[in-house]
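Structure, as C-alpha cells:
The chains referred to below are lettered A, B, ... by the order of the sequence lines, with proteins before strands, and numbering in each begins at 1.
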Number of protein chains: 2
Amino acid sequence: MAQGIMDERKRRILKVITDDYIASAEPVGSRTIARKYDLGLSPATIRNEMADLEEEGYLEQPHTSAGRIPSHRGYRYYVNELMERRRLQPEEIERIVKGMSARKRAIDHLIHQAARVLAQFTHYPSLILAPDKQHAVIKHVRLVRLGERSVLLLFVTNTGQVESKVIDCYPDLNDFDLDNLSGLLNMRLCNRPVVEIKTTMEKELGPELRCPPELFRRTLEALLEAVRNDTIEQVITDGTAQILDQPEFAERERFRPLLDLFEEEQALYRLLTENAGPGKVRVTIGEENKEEAVRNCSVVTATYEAGPRAVGIIGVLGPTRMDYAKVLATVEFMASHLSRLLGELTGN
Amino acid sequence: MAQGIMDERKRRILKVITDDYIASAEPVGSRTIARKYDLGLSPATIRNEMADLEEEGYLEQPHTSAGRIPSHRGYRYYVNELMERRRLQPEEIERIVKGMSARKRAIDHLIHQAARVLAQFTHYPSLILAPDKQHAVIKHVRLVRLGERSVLLLFVTNTGQVESKVIDCYPDLNDFDLDNLSGLLNMRLCNRPVVEIKTTMEKELGPELRCPPELFRRTLEALLEAVRNDTIEQVITDGTAQILDQPEFAERERFRPLLDLFEEEQALYRLLTENAGPGKVRVTIGEENKEEAVRNCSVVTATYEAGPRAVGIIGVLGPTRMDYAKVLATVEFMASHLSRLLGELTGN
DNA sequence: CATTAGCACTCTCAATATGAGAGTGCTAAC
DNA sequence: GTTAGCACTCTCATATTGAGAGTGCTAATG
C-alpha cells in the first residue's frame, strides 16, 4: 500500500474501471478498457497502470487472470474524487414527487411511502428511521380507559406521531381520578418537548396531584417507556427483496445474512445511526461498516427534519458496486423533499 | 383418477410415505418403507400399492425411478384422515407463553410479538391480520391541532388500537370551533362501534353542529378513511427469511415470488381472508390456494378474538411438505392464547 | 525512456462424458 | 395374493476437456 502518486492518467483509468464495473458487475480487463473507452492507450500500458493501482490498494483481482475490480479504497477514492456528482433530472424528480402523492398524510404514512418510493426508484432496499421523538413537542396527552383493569396512555406530538402504551391498573380505580390525572397531564405537558417529560412531571405535577400515587407512578413509567427508543416500528424498510436482483448476492450464503439483518430492528438502527451525521448525504463503503453482515455493502444516508429539532434518517443499502451517483442524488433529494412535506404537516 | 377403494393397508402406506416425506424432503421409495417401517410387506408389494395410489391421484413421481411424493390430494387426505392430531406438550406451551411475556402491552405490540413467536416456534413465516376494526368500540375521539394548516384526527378503540389521520384545513380555522367539534365527536361516538360512525355522524351530529360544514365534512371523511381497510400495518409478518431454510425453495426462481409476495400487503390480506373462516383452525393445501405464488405452499390459519365481535386471523405459511401436526397444534394454541391476552386487555 | 507487440501461462466456466445409486415395472415363481 | 429377480431409467456427483479472457514479462519500437 504505497501512497499513490495519482497522476491524471491513473485517475482516468481508475474512474473508467469503476464506472464499468458498476455498470456490468464483471471484472474489467485491460483489453476491454482500451476498446470501449477512448483513452488513446494500448492494453499493455493500461495493464501496467492497473498493476500500479493494485499495488497501491485501489484495485484488486478476484483471481489471477480475471479483470480488476475496485477495492473498498478504490470506491472511496471514486466517491470522493472521481465520480461525477449529478442532480436528478426534472422528470426523475417528478416521478418521486408524484410517488409521494399530493395528499396530506400522517407522518407514518409519509415515511412508509418514502421508503417504498426510494426502494422502487433506486432498485435497492431502503431504510428509514422515524424522526427522533426526543425534541418533538407534545400536543395532546390522554388516558383512556379500555377495560376494567387497563388504561391506555396516548400522546401526540407536533410531528403527527401517536404513541400509546397500555397501563395495567388495579380494578377499583375510579373514573374521576383517571380523568383528573388525564386533564392535568395534558395541561402541563402540552407544548413541551418530549425530553422534558420527566422533570416536568416530577417537579411540577407531583406536588399538586390528588390521584393515587400508584397510578401516577405507573403513568410516568409508561410515558417514559413510550418515549424510549425501543418502541416498535422505528426503522421502516422496503424493497428488501430487491437485493436479490444484484448478481453479487446470487448465492444463498451471500444474501442470507442480509435478509436476516432486515428482520433485526436493532441492527438496522445501528446501521443508520452509526453512519449518519447531520448535514449532507453520507456514504459508508464496505469494510467501513461495523455490522458484519454488511461488509460487502455500501450504505448511503441523509438526515431529514420533522420539526425544529426532530430529525430522522433515510438510507439506501446496496452492494459496494452501487450506482453511487444516482443513489446519492436520490437520497439527497428525498431527504429534502421529506423534510418539506413534514414541514407543511407541522405548519412550519 | 379412479375413485380409490382405500383399504387399511393403502391408508397405512400413504400415511407412512407422507410422514417420511415431510420429515426428509426426499421422494420415498418402496425399499425405504419396507426397511424403515415395520409393515410386514416386501418392497414389491408396496410398489404395487404405490402404483395404485398414484393412479388414484394420491401420490406422484417427480420422474421415473425416483420415489413417490404425496400429491396435493394426498396431503389433503393425510390432513383430514390420516394424520395424528396432537396437542402441544406442556413444555412447548410454556415456551410460547413465556415468549409472549407476562407484561401487559398494547395490542400492536402483542400482535408483533405473536408473529415473532409463531415464526420462531414453527420455523415457517407467520402472518397476522390485525383485528377487524369494524365492530370495535370507540373509546376516545379527538382532534389535535398540529400546525397552522393541519389537524390530527385520532381515535382509540376498546382493543387498544389507535388510528390517526391528518386533516388538511384552511388557515383561519379557530381553536374554538375545533375544540367544539372535538368534544362533540367524543361525546357522540364514544362507546359506539366503529361501524356506526357514518350514520351517527350524519343523523345525530350533523343537525346540532355549529362548526363550519367544511371542517365537518373533512373530519367525517378522515374518520371513514381511517376506518377503512387499507390502513397501513394491517398484516404483520415475521420470519419471512425462514422460508429459505426449506429445501424446496433453494433456487432463486422458487423463493423469489414468495419474497415479493411478502412485500405486498394486499396479497397477504387476501391470502389470510380467503382461507380463514370462523371456528377452528383451517388448512389450505397447495393448488387450493388462489394466489399464484403460493401454489406449492400450504397455509394454516385460525381466527382470534379481540373483543365481542372483533376478530383477526393468524396464519403460518410453509411448503406443502409442512409439518402439519405441529403447525396445526401451534396455530390453534396461539390463536386461543392471543384471544385470552386481548381479552384481559379489554377487560372482558 | 515510456509505450507497445507478442507470447506463454493461469484461471474460470460451460459442455460433455462417466459411473454409481436408487427406484421402478414387469414377469415368473411361490 | 405375494414376492424374488432382473432389466431399465433417471439423477446426481465427479472428472475431463477446450475455449475464452486476462495477466505478467520480455523484447522491440519510436
Exercise. When you measure from every atom of DNA chain C, which of residues 13-21 of chain A have a heavy atom less than 4.0 Å away?
Worked result: none
Table please: side-chain donor-acceptor pairs of residues 30-40 of chain B below 3.5 Å, with sequence neighbours left out.
{"unit_1": "B:Ser30", "atom_1": "OG", "unit_2": "B:Arg47", "atom_2": "NH1", "d": "3.2"}
{"unit_1": "B:Lys36", "atom_1": "NZ", "unit_2": "B:Asp20", "atom_2": "OD1", "d": "2.7"}
{"unit_1": "B:Tyr37", "atom_1": "OH", "unit_2": "B:Asp20", "atom_2": "OD1", "d": "2.6"}

For this session: Ignoring backbone atoms, test whether A:Arg68 places a side-chain nitrogen or oxygen under 4.0 Å from the OP1 or OP2 oxygen of D:dT23.
Result: yes
Problem set entry | Set of residues satisfying side-chain hydrogen bond (donor to acceptor under 3.5 Å, both in side chains) with respect to A:Glu263, sequence neighbours excluded | B:Thr240
Exercise. Has the side chain of B:Ser65 got a donor or acceptor atom sitting under 3.5 Å from an opposite partner on the base of D:dT9?
Worked result: yes
For this session: For B:Glu287, enumerate each residue passing the side-chain hydrogen bond (donor to acceptor under 3.5 Å, both in side chains) test, keeping only those at least two apart in sequence or located in another chain.
Result: B:His72
Pairs under 3.5 angstrom, nitrogen or oxygen only, protein versus nucleotides 16-18 of chain C, please.
none

Exercise. Could you run down nucleotides 2-9 of chain C 5' to 3' and tag each one B, S or - for protein heavy-atom contact under 4.0 Å?
Worked result: -SBBB---
Exercise. Excluding sequence neighbours, so at least two apart, what forms side-chain hydrogen bond (donor to acceptor under 3.5 Å, both in side chains) with B:Arg9?
Worked result: B:Glu49
For this session: Apply salt bridge (Lys or Arg N to Asp or Glu O under 4.0 Å) to A:Asp52 and list each qualifying residue two or more places apart in sequence or on a separate chain.
Result: none
Problem set entry | Pairing residues for B:Tyr77 by the ring-ring contact (aromatic ring centres under 6.0 Å, His included) criterion, not counting sequence neighbours | B:Tyr58
For this session: Identify, with sequence neighbours excluded, every residue that meets ring-ring contact (aromatic ring centres under 6.0 Å, His included) alongside A:Tyr21.
Result: none
Problem set entry | Nearest-0.5 Å distance, CG of residue A:Leu14 to CG of residue A:Asp19 | 9.5 Å
Seminar exercise, completed: For residues 235-244 of chain A, the salt bridge (charged side-chain N to carboxylate O under 4.0 Å, His left out) pairs (sequence neighbours left out) are A:Arg116-A:Asp238
Problem set entry | With sequence neighbours excluded, residues passing ring-ring contact (aromatic ring centres under 6.0 Å, His included) with A:Phe262 | none
